[in-house]
S.K.: 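What follows is a single structure, and I will ask about it in a moment.
Protein chains get the first letters and strands the later ones, always in sequence-line order, with residue 1 at the start of each.
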2 protein chains.
Amino acid sequence: MLSKSCVYALRAIIFIAHNAREEAKIGIKEIAQELDLPVHYLGKILQQLTKHKIIQSIKGPNGGFYLDRESKQVRLIKVIEVMDGLDVFFQCGLGLNNCSEEHPCPLHDNFKVYRDGLYTLFSTTSIADLANKIDEGNAFIQNFPSKLKDSLK
Amino acid sequence: MLSKSCVYALRAIIFIAHNAREEAKIGIKEIAQELDLPVHYLGKILQQLTKHKIIQSIKGPNGGFYLDRESKQVRLIKVIEVMDGLDVFFQCGLGLNNCSEEHPCPLHDNFKVYRDGLYTLFSTTSIADLANKIDEGNAFIQNFPSKLKDSLK
DNA sequence: ATAATAAAAGACCTAAATATCTTTTATTGA
DNA sequence: TCAATAAAAGATATTTAGGTCTTTTATTAT
Ligand code: FES
Ligand code: FES
């Protein structure tokens, strides 16, 4: 569906929204550790997001990442656009070179419903929307710890 | 969404269903040409499908591919399972290591609707269902010719 | 039997996605 | 102004998906 780079990006942004403020930025190592992501790879991704002004970063001591007021209102679709492009929401589900009502594949009518639904979902959901669910304790952005077995030593 | 191998497979099967019978099999070169697919790559794919009994093939002169009665009733999900596996329909949209009601990501409730919808669609649609739409002229499995400009010479 | 045909099988190549490592630049506090 | 910090940037490595080419095997018609 979405590339790894893209879901890494989304999770990192949500984590930053939930855990950082301009006065208390969060570093890349901590983000990577908490989300079980490869540090340097995540670095590349956050770098891209910074360049596109989707997140904010400051170098040096006490530096790190945070989201300003506008960034928290960014929609998921914007992140997807930067990381993967939006083709997936406009392409034919059976790989025809174009998807249209004039030359539809036999799956078109049914497939379009879900493809468009996802597009709408991503277009109407903001980072803040998801971060709020974490804040309220109704959802999680960190992996469920699969190492509970280690705790019985 | 689905890998190229998978959509190539789906299109090829539908094309075979629409264009071949046991008494009039269709060769791989013709399929590849009509669907704008790389011949040898398609060969690999059809080989896999044959091994899984999803399509039928006969070697030698007058040989080629066709679908028997049962094969036409195969559901799309079966093809997807063979080509890509079914993980995509059970994985978290934000890449958490598991997707569950007990440890949901903040997108879970909304995302699940579409992911499950697609799973149901692919599980309830058969090759014959799609081939029929082609037969009836209500849909297409070949690309819309983008070379119409060539026709004005 | 044999030559021609067409898929199966296997080896190999290429490009893109994913991941790691090293160096540079900006910032801060001592 | 210097040392420490942390992100940016760049180079490189690995893995997987996608694609090509060659050889083998099965089938058919002559
Ligand atoms: S033509 Fe296939 S999904 Fe629209
Ligand atoms: S936990 Fe993310 S989709 Fe279910």
S.K.: In whole angstrom, give the distance that lies between atom CD1 of B:Ile31 and atom P of C:dA8.
M.R.: 10 Å
S.K.: How many whole angstroms separate atom NE2 of B:His52 from atom C1' of C:dA8?
M.R.: 15 Å
S.K.: Can you see if the side chain of B:Thr50 gets near the phosphate of C:dA8 - specifically, an N or O under 4.0 Å from OP1 or OP2?
M.R.: yes
S.K.: Once you round it to whole Å, what is the distance between C1' of D:dA7 and CD of A:Gln48?
M.R.: 15 Å
S.K.: List the protein contact pattern of nucleotides 22-30 of chain C with one symbol per nucleotide (5' to 3'): B for base contact, S for sugar-phosphate-only contact, - for none; contact means a heavy-atom distance under 4.0 Å.
M.R.: B--BBBBS-
S.K.: Please name all residues satisfying side chain to side chain donor-acceptor pair (under 3.5 Å) with A:Lys112, sequence neighbours left out, ordered by chain then number.
M.R.: A:Asp116
S.K.: Whole angstrom is fine here: how far is it from CG in B:Leu46 over to C1' in C:dA6?
M.R.: 13 Å
S.K.: Has B:Gln47 got a side-chain N or O lying under 4.0 Å from the OP1 or OP2 atom of C:dA9?
M.R.: yes
S.K.: Take the angle between the ring planes of A:Phe140 and B:His103 and call it parallel below 30°, perpendicular above 60°, tilted in between.
M.R.: parallel
S.K.: What residues, two or more places apart in sequence or in another chain, satisfy salt bridge (charged side-chain N to carboxylate O under 4.0 Å, His left out) together with A:Arg75?
M.R.: none
S.K.: A:Lys53 has an atom NZ; how far is it from atom C1' of D:dA8, in whole Å?
M.R.: 15 Å
S.K.: Could you name each residue pair satisfying side-chain hydrogen bond (donor to acceptor under 3.5 Å, both in side chains) that touches residues 78-87 of chain B, not counting sequence neighbours?
M.R.: B:Ser3-B:Asp84
S.K.: Within residues 19-29 of chain B, which residues have any heavy atom lying less than 4.0 Å from an atom of DNA chain D?
M.R.: none
S.K.: Does B:Ser57 have a side-chain nitrogen or oxygen under 4.0 Å from the phosphate oxygens OP1 or OP2 of C:dA8?
M.R.: yes
S.K.: Can you name the residues that form a ring pair (Phe, Tyr, Trp, His ring centres under 6.0 Å) with B:Tyr8, not counting sequence neighbours?
M.R.: B:Tyr41
S.K.: Rounded to whole angstroms, how far apart are CG on A:Leu37 and C1' on C:dT18?
M.R.: 12 Å
S.K.: Return the value, rounded to whole Å, for the distance between atom CG of B:Leu49 and atom P of C:dA7.
M.R.: 14 Å
S.K.: Under the side chain to side chain donor-acceptor pair (under 3.5 Å) test, which residues partner A:Ser126, sequence neighbours left out?
M.R.: A:Asp129
S.K.: Applying ring pair (Phe, Tyr, Trp, His ring centres under 6.0 Å), name anything that partners A:Tyr119, two or more places apart in sequence or on another chain.
M.R.: A:Phe89, A:Phe90
S.K.: Tell me, please, which residues at least two apart from B:Glu23 pass salt bridge (charged side-chain N to carboxylate O under 4.0 Å, His left out).
M.R.: B:Arg21
S.K.: Which nucleotides of nucleotides 11-19 of chain D have their base under 4.0 Å from a protein heavy atom (B), which only their sugar-phosphate (S), and which neither (-), written as one string 5' to 3'?
M.R.: B------SB
S.K.: Would you mind classifying the nucleic acid contact of A:Gly64 as base, sugar-phosphate or nothing, using non-hydrogen atoms under 4.0 angstrom?
M.R.: sugar-phosphate
S.K.: What residues form a ring pair (Phe, Tyr, Trp, His ring centres under 6.0 Å) with B:His108, not counting sequence neighbours?
M.R.: none
S.K.: Let me see the working for B:Thr50 and B:Gln56 under side-chain hydrogen bond (donor to acceptor under 3.5 Å, both in side chains), right down to the final yes or no.
M.R.: CA-CA 6 Å; B:Thr50 303; B:Gln56 284 67 52; over 6 Å; no
S.K.: So which pairs with a foot in residues 44-64 of chain A pass salt bridge (Lys or Arg N to Asp or Glu O under 4.0 Å), sequence neighbours left out?
M.R.: none
